[in-house]
S.K.: 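Quick one: this structure, given as structure tokens, is what I'll be asking you about.
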Amino acid sequence: MTSSRFSPAARTLGAALLLSTLSLPALAQNSPINVIVDGRPIDFGGTPPTQVAGRTLVPLRAIFEALGAQVEFSAGTIRARRGDTNLQLAIGSSQAIINGQVRTLDVPAQAVFGRTLVPLRFVGEALGAGVNFNAATQTITISSPGAGSGSGFPSLPTMGNTPAPPAFTVPETGQSVSGILVDTPQPGTVTISVGGGLRTYAVNNNALILRQISLAASPSATPMRQAARQITLAGLTAGDPVRLSLDNANRVTQITTMATVVVARVQFAGGNQIVLDDERDTTLTLGPNLRFIDASGRVSNTVSNLAPGQSVGLFLSREGRTVYQVSAYAPDFTPASGNTVSDPFPANNTLPASGAPQIQLVSHNAATPLRAGTRLEVTARATPGLRASFSLGSRIQNVPLAEDPARPGVYLGTYIVRSGDDVLNGRVAVRAVGANNVEDFAQSTESATIDTIAPRLVGTFPANGAQIGVAQPNIAIFADDLGGSGLGGAQVDLITGSADNPIATRIPATVAPTSVNAVAPAALSGPVRVRAIITDKAGNPLNVNFSFNAAINTGAITSFSHGANRALQPGDDVPLVLSAQPAGRASFDVYDERNQIIARDVPLIEVEPGRYRASYRVPATATGDVRFVGRFTATDGTSSQLEATTRVQIVSNVVTPLTIQTPREGDRVTSPLVVRGQAAPNATVDVALRAEGTQFFILEYRQDLGTKQVRADANGNWTASIDLPTLRNVSGLRYIISATQADATGRTGEPVVVTVTR
């Protein structure tokens, strides 16, 4: 911990002891004490600040988390971390350890009604914050380091506590230029805005790309600078402040981007909108000025996989007033550790100009899944003068790589993806051959996915031709993209009116792993046709057309829907929305699959005129399909009810163990390799394959051959068939099969591994 985080008086142990408690003799014992952190009042619930021996004690977790610290409790010991400050404190102890130094408290930490209380002054000063008391207003004010009056995150997306841009270490050679990222117009180039003008630079194939974030662990916390992380060129976002390091040829050798990220929680997500769990129910809409990064780190146009309560990172603009990116990719909003990443690929080719072949780097352009007709572009950095080729999966084999005449040692190759070239999370393998047929082998560090198969329609709700008694129904299209990149986006149109005068209305849609869900925006009557285009993440389309007949809803409820776009398990939250007349009373009942009531008359709160919301936590006893029935009483006393048109599947917390039945450990196999096993009913099973052995009798050989994705049947049986490529000059060849299952809720288990030979 650096001394700049503390006042001069706090730099010695003796002074720290004086500051570890706050004596407030002027306060009456029964007077309420208000605590404000960075301009926000703190609600301590049923355990407010109290005084012991003239010292003010406060609940530790509330203060620490308001200051942006991470808190853990274990066996009576509290551990907290904020930036580079680490604190440890035991209940009942008058000593705390801060970054290895012992601090003494005049009043020991103590538990009151299940909450840990500590001296207020100690909490603030230990984390580098300032603490002040106003006797006239009986208010204690705590300010984070660098925070000013009114700082924090009062109303997203405004944030006035963004730190100054960090200082970066850049190579000494060449020059550097700073600006705002405008675009990456084509692979290998970057365009930035500098002083109002645009500049485009070529990017070296081995350029190091870093992101350094200032992270706020909660909307009310102060952002703390994190160590830089290495990312890909595709991970850059328009609007990012960047610094480019250039070599003597004016080519980019390093890109460093900085961002301020705030961690928030999701209340509800559907289609292209995210509702945050804050006091304003802040709603973010994806579009040209706001993009979404899914949990796998890829750009997505749907937020369907976000669950209530899930954490996301909000990337703030340079001035800290708007959100330009929302990320569910955990590394984007989790604290980093360690030093800035060193450059694993030097700016200049340090390989010898001749001799035994060596491959230094393999990269490709498949940052997102590729479909038929697109180009797979591969670049390899290796010893000059070699014969080189690349392979991916079992079908794309030995594609030539040509050495760039202008750049010795840089090999380029392109493959046009064909129908059937399906690879899930495979790695591009490069083989380079030199004199006397001596060769080297290397794989890309980033995986690639090729998906040429469109999703398959499984069913719809309402069913085609159905007669329904709900005027504003939930609409669901069930599809399967098994073995591919996963469902990625959807456009859903409702077509009403006569055949001579049809009226098409596009409605927001939520894309889940196996379905597309939407709610009619207004009451429907008579024949309704649904026209939808569902695409996977590679862009392969599925066209869906079906129709149903809607009855007229004469009740006061215009719609009642839930936000469960996947199967849930006990403990999950289900967001519910009911639309009706303003100023009424709304509630809902919950029934299990045996039609027995689970919950009755649970209130819905009117968050805006005519719109009522609630969140229901699935109880531990719930199993099977659960249905929700909304109830509403208008101001004139009339009552009505409406059932949500789709039910929610509840999956037990107990997951069926995954097994591989054949082949068994040590078996000899042939191509195609057939793997069979047992899993949870209807679970998705990913079967990854890796080849290992010895090349040319002395070199260690390892190649990841990709993943095969299959679905278990209703009894849990699953089978995967995998083509094995022909591998040259490899002895002692063995295949490591690793299978992992994900049930209907998306829960994954530990992998099961079997090693076989050929």
Side-chain angles (χ1 to χ4, degrees), residues 268 270-273 285 302 304 457-479 489-512 515-534 542-565 574-582 584 586 588-589 604 606 608-613 625 627-634 638-648:
F268 176 78
N272 64 344
Q273 288 193 329
T285 302
T302 176
S304 61
L457 179 64
V458 176
T460 66
F461 184 92
N464 188 32
Q467 176 86 19
I468 64 171
V470 180
Q472 201 169 356
N474 284 37
I475 297 169
I477 303 171
F478 302 98
Q491 293 181 355
V492 179
D493 294 329
L494 294 183
I495 302 174
T496 57
S498 64
D500 297 331
N501 186 28
I503 301 173
T505 304
R506 180 154 298 172
I507 60 176
T510 299
V511 181
S515 65
V516 173
N517 303 274
V519 178
L524 303 173
S525 177
V528 179
R529 185 159 61 93
V530 180
R531 181 178 62 200
I533 301 176
I534 302 172
L542 166 67
N543 295 299
V544 179
N545 288 276
F546 66 98
S547 60
F548 60 89
N549 197 65
I552 298 176
N553 181 10
T554 58
I557 304 175
T558 56
S559 71
F560 179 51
S561 61
H562 59 73
N565 51 28
V574 183
L576 297 133
V577 179
L578 184 145
S579 296
Q581 300 171 4
F588 65 91
D589 300 336
L604 292 129
E606 189 172 15
E608 56 186 72
R611 191 168 178 85
Y612 302 80
R613 272 187 176 169
D625 290 341
R627 61 190 183 92
F628 296 89
V629 177
R631 301 182 182 278
F632 181 76
T633 302
T638 59
S639 299
S640 58
Q641 70 177 46
L642 180 65
E643 179 177 342
T645 51
T646 57
R647 301 187 178 193
V648 179

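These numbers come from the heavy atoms of this one structure, side chains and all, not from hydrogens, waters or symmetry mates.
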S.K.: How far apart are the closest heavy atoms of A556 and S640, and which atoms are they?
M.R.: N-OG, 3.4 Å
S.K.: Is it true that atom CZ of R529 has more than 12 heavy atoms of other residues, nucleotides or ligands lying nearer than 6.0 Å?
M.R.: no
S.K.: Return the CZ to NE2 distance between R627 and H562, rounded to the nearest 0.5 Å.
M.R.: 12.5 Å
S.K.: Considering only heavy atoms from C-beta outward, does the side chain of F548 approach that of T460 to under 4.5 Å?
M.R.: no
S.K.: Supply the atom-to-atom distance L604 CG to L576 CG, rounded to the nearest 0.5 angstrom.
M.R.: 6.5 Å
S.K.: What pair of heavy atoms forms the shortest contact from I557 to A580, and how long is it?
M.R.: CA-CB, 4.1 Å
S.K.: Do the side chains of S639 and R631 get nearer than 4.5 Å, heavy atoms only?
M.R.: no
S.K.: Checking side chain to side chain contact (heavy atoms under 4.5 Å, CB included) between R531 and each of V492, I495, V544, N543, which is the one that passes?
M.R.: I495
S.K.: For Y612 and F632, I'd like to know if the aromatic rings sit close, meaning centre-to-centre distance below 6.0 Å.
M.R.: yes
S.K.: Kindly give the heavy-atom pair with the smallest separation between S515 and N517, and that separation in Å.
M.R.: OG-ND2, 3.1 Å
S.K.: Quick check: do L494 and V530 have side-chain heavy atoms less than 4.5 Å from each other?
M.R.: yes
S.K.: Any side-chain to backbone donor/acceptor pair from N464 onto S547? Under 3.5 Å, distance only.
M.R.: yes
S.K.: If you take all heavy atoms of F268 and P575, which pair is closest and at what distance?
M.R.: CD1-CG, 3.3 Å
S.K.: Kindly give the heavy-atom pair with the smallest separation between L578 and G630, and that separation in Å.
M.R.: CD1-CA, 4.1 Å
S.K.: Would you compute the distance between atom CG of D493 and atom OG1 of T505 and round it to the nearest 0.5 angstrom?
M.R.: 8.0 Å
S.K.: Determine the minimum heavy-atom distance between N549 and G526, stating which atoms define it.
M.R.: OD1-C, 3.0 Å
